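Here is the structure we will look at, set down as structure tokens.
FYI, side chains are in, hydrogens and waters are out, and symmetry mates aren't considered; it's all heavy atoms of this structure. Source: prediction; values computed, not measured. Proteins come first, then strands; the chains are lettered A, B, ... in the order of their sequence lines, and each starts at number 1.
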Amino acid sequence: MTSPVFALVDCNNFYASCEKLFRPDIKDQPVVVLSNNDGCVVARSREAKAIGIKMGVPAFQIRELIKQHGIVVFSSNYALYADMSNRVMQTLEHLAPQVEVYSIDEAFLDLTAIDQVTTMTEFGTQVRNTVYQHTGMVVCVGMAPSKTLAKLANYAAKKYPATGGVLDLTHRTRQRKLMSITPVGEVWGIGSRLTAQLQQLGIQTAQDLADADPKQMRKHFSVVLERTIRELNGESCLELEQQAPAKQQILCSRSFGEVVTDKAMMKQLIGGYVSRAAEKLRAEQQCCRYLQVFIRTSFFRRDGNQYSNAASTRFPVPTDDTRALMRAAHLLLESIWKHDIAYAKAGVMLTELSPAQNQQQDLFCATDHQTSRKLMTLLDQINAGKYGKAWFASQGKQSPWTMKRGHLSPAYTTDWSHIPQVN
DNA sequence: TCTGGGGTCCTAGGACCC
DNA sequence: TCTGGGGTCCTAGGACCC
């Protein structure tokens, strides 16, 4: 039996690259993309990284740098990123027999059968060139016998220009060489907390971790860390998941552009989140049994009056009906609402999901299932079309959850009226 | 003045049962 | 006075990822 080979394909500076694709005029300029509400930096172009802009810094802290270096700033444009992501993934589907879309800008490929035909490096280069040709997106490719090592290979392909963006890490000696110069915190699954704890134990590099006793580490930490150690030693513990598993929870939450103190306003906001969450739920073809609503002040407040609370309910029968969810959510809000609080964030969470088909009905609870289904389908159809939107009165007349998006780029690829023009 | 959103998995500890 | 042991289920919270 041949041992498995995985490739990790990862887009470089994905959001920033998406923005640059349609703006050749800023090709070599530093670019940053901000989170919702134009809050934090969530993506940086190569040039912006070189200036020293860190991932996750609040926008207001880099105002001077932006001015000084002429950094081009964008609000996040998820419609654009999702569309570009689809194009990249479709290209990958043509290049490899099995693809796992791992996130918006990354995919694992199963290359187990490929190594007979061509060298790994050649294949990786072909992937890189083809994706660039088809989409304009630059990707790096890392290949190795486990997902964790493939991640590491990709990290190195990005970090070391001499690799040409493609790294074959299938050989043991090369794995050891790379791991011995890579900080343990760069390993997939090792975050800041674990890094600190591992360093206490004298584990500094990826190689140190690979050399640790997996049984011992499991006892000390968890089964997850044990798996990571085995993966670093070339033992594949994580399989390729071609079919995305059904979601287990759906969350819709926002920080507000300005604090909210008015209950009626909060009701509208929660209504909007429920609406959106229910839409996602139906798109997944699932129903939920459990609904949670939460509201809170800002963690960053220094003065008193911090407040954070959540309330939840379990339905007798799973539902995907926005009306039922919204009624329940508003009751939950009533139960946790406190006056004279400056709320900064709120959200709703749906859990205990199950397939929408074959729902067990409640004998004593007369819901008109047919009508509900028809109404929700119609609602989703209207909102998917381009002839206007339909929403519930309790969400307010205009969507009150407009957030700060001062630097939004056009919907180049998803709206005819925004299509780029060549003059 | 100004600090994102949406997920997953694992573990510890309490409640409860026999 | 003396007060078991083992199992399951649930939840909250921590840690991680992108």
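- Across all strands, D38(A) comes closer than 4.0 Å to no nucleic acid atom at all (heavy-atom distances).
- The interatomic distance linking L251(A) (CG) with dG4(B) (C1') rounds to 12 Å, in whole Å.
- Here dG5(B) presents its P atom at 13 Å from CG of L34(A), a figure rounded to the nearest Å.
- One atom, CG of N12(A), and another, P of dC18(C), lie 15 Å apart when rounded to the nearest Å.
- Between S255(A) and dG5(B) there is a side-chain polar atom (N or O) within less than 4.0 angstrom of OP1 or OP2.
- Taking 4.0 angstrom as the limit, R227(A) places a side-chain polar atom (N or O) nearer than this to OP1 or OP2 of dC10(B).
- In this structure, F108(A) and W188(A) have tilted ring planes: the angle between them lies in the 30° to 60° band.
- Among dC10(B), dC18(C), dA15(C), the nucleotide with an atom closest to any side-chain atom of V223(A) is dC10(B).
- Counting only heavy atoms from C-beta on, Q249(A) has its side chain closest to dG7(B) among dT11(B), dC2(B), dG7(B).
- Using cut-offs of 30° and 60° for the angle between ring planes, the F256(A) and Y273(A) rings count as parallel.
- Across dC18(C) and dT3(B), the matching P atoms stand 25 Å from one another, rounded to whole Å.
- In this structure, E352(A) places its CD atom 10 Å from C1' of dC10(C), rounding to the nearest Å.
- Comparing dG6(B), dG4(B), dT3(B) by their closest approach to the side chain of K280(A) singles out dG6(B).
- Atom NZ of K247(A) is separated from atom P of dG7(B) by 5 Å (rounded to the nearest Å).
- Looking at the side chain of K151(A), the nearest of the listed nucleotides dC9(B), dT1(B), dC18(C) is dC18(C).
- Nucleotide dC18(B) has dG5(C) as its partner under the Watson-Crick or G-U criteria, with both atom distances under 3.5 Å.
- Phosphate contact (OP1/OP2 of dG5(B), side-chain N/O of K345(A), threshold under 4.0 Å): present.
- Under a 4.0 Å N-O distance rule, the pair R174(A)/D168(A) does not qualify as a salt bridge.
- Distances were taken from every side-chain heavy atom of S35(A) (C-beta onward) to each of dG4(B), dC16(C), dT11(B); the shortest belongs to dG4(B).
- Here the P atom of nucleotide dC9(B) and the CG atom of L225(A) are 18 Å apart, to the nearest Å.
- Within 4.0 Å (heavy atoms only), V187(A) reaches sugar-phosphate atoms of the nucleic acid but no base atom.
- With hydrogens and angles left out, the side-chain atoms of S45(A) and N13(A) include no donor and acceptor closer than 3.5 Å.
- W337(A) has its ring centre less than 6.0 Å from the ring centre of Y343(A).
- Under the 4.0 Å criterion applied to side-chain N and carboxylate O atoms, E226(A) and K219(A) are not assigned as salt-bridge partners.
- Atom CG of D340(A) has 12 or fewer heavy atoms from other residues, nucleotides or ligands within 6.0 Å.
- Taking 4.0 angstrom as the limit, S253(A) places a side-chain polar atom (N or O) nearer than this to OP1 or OP2 of dG6(B).
- Rounded to whole Å, the distance from CZ on R254(A) to C1' on dT3(B) is 16 Å.
- Side-chain nitrogen and oxygen atoms of K219(A) include none within less than 4.0 Å of the OP1 or OP2 phosphate oxygen of dT11(B).
- In this structure, Y102(A) reaches the sugar-phosphate backbone alone: every heavy-atom distance under 4.0 Å involves primed, P, OP1 or OP2 atoms, never a base.
- Note on S192(A): only backbone sugar-phosphate atoms sit closer than 4.0 angstrom, heavy atoms only; bases stay farther off.
- For N36(A), counting side-chain heavy atoms from C-beta on, the closest listed nucleotide (dC18(C), dG5(B), dC10(B)) is dG5(B).
- Both Y15(A) and S222(A) lie near DNA chain B, and the one whose nearest nucleotide falls closer to the 5' end is Y15(A).
- Both A246(A) and R218(A) sit near DNA chain B, but only A246(A) has its closest nucleotide nearer the 5' end.
- At the heavy-atom level, I104(A) lies nowhere under 4.0 Å from the strands shown.
- Counting non-hydrogen atoms under 4.0 angstrom, Q61(A) reaches nothing in the nucleic acid.
- Between the C1' atom of dC16(C) and the CD atom of E231(A) lies a distance of 15 Å, rounded to the nearest Å.
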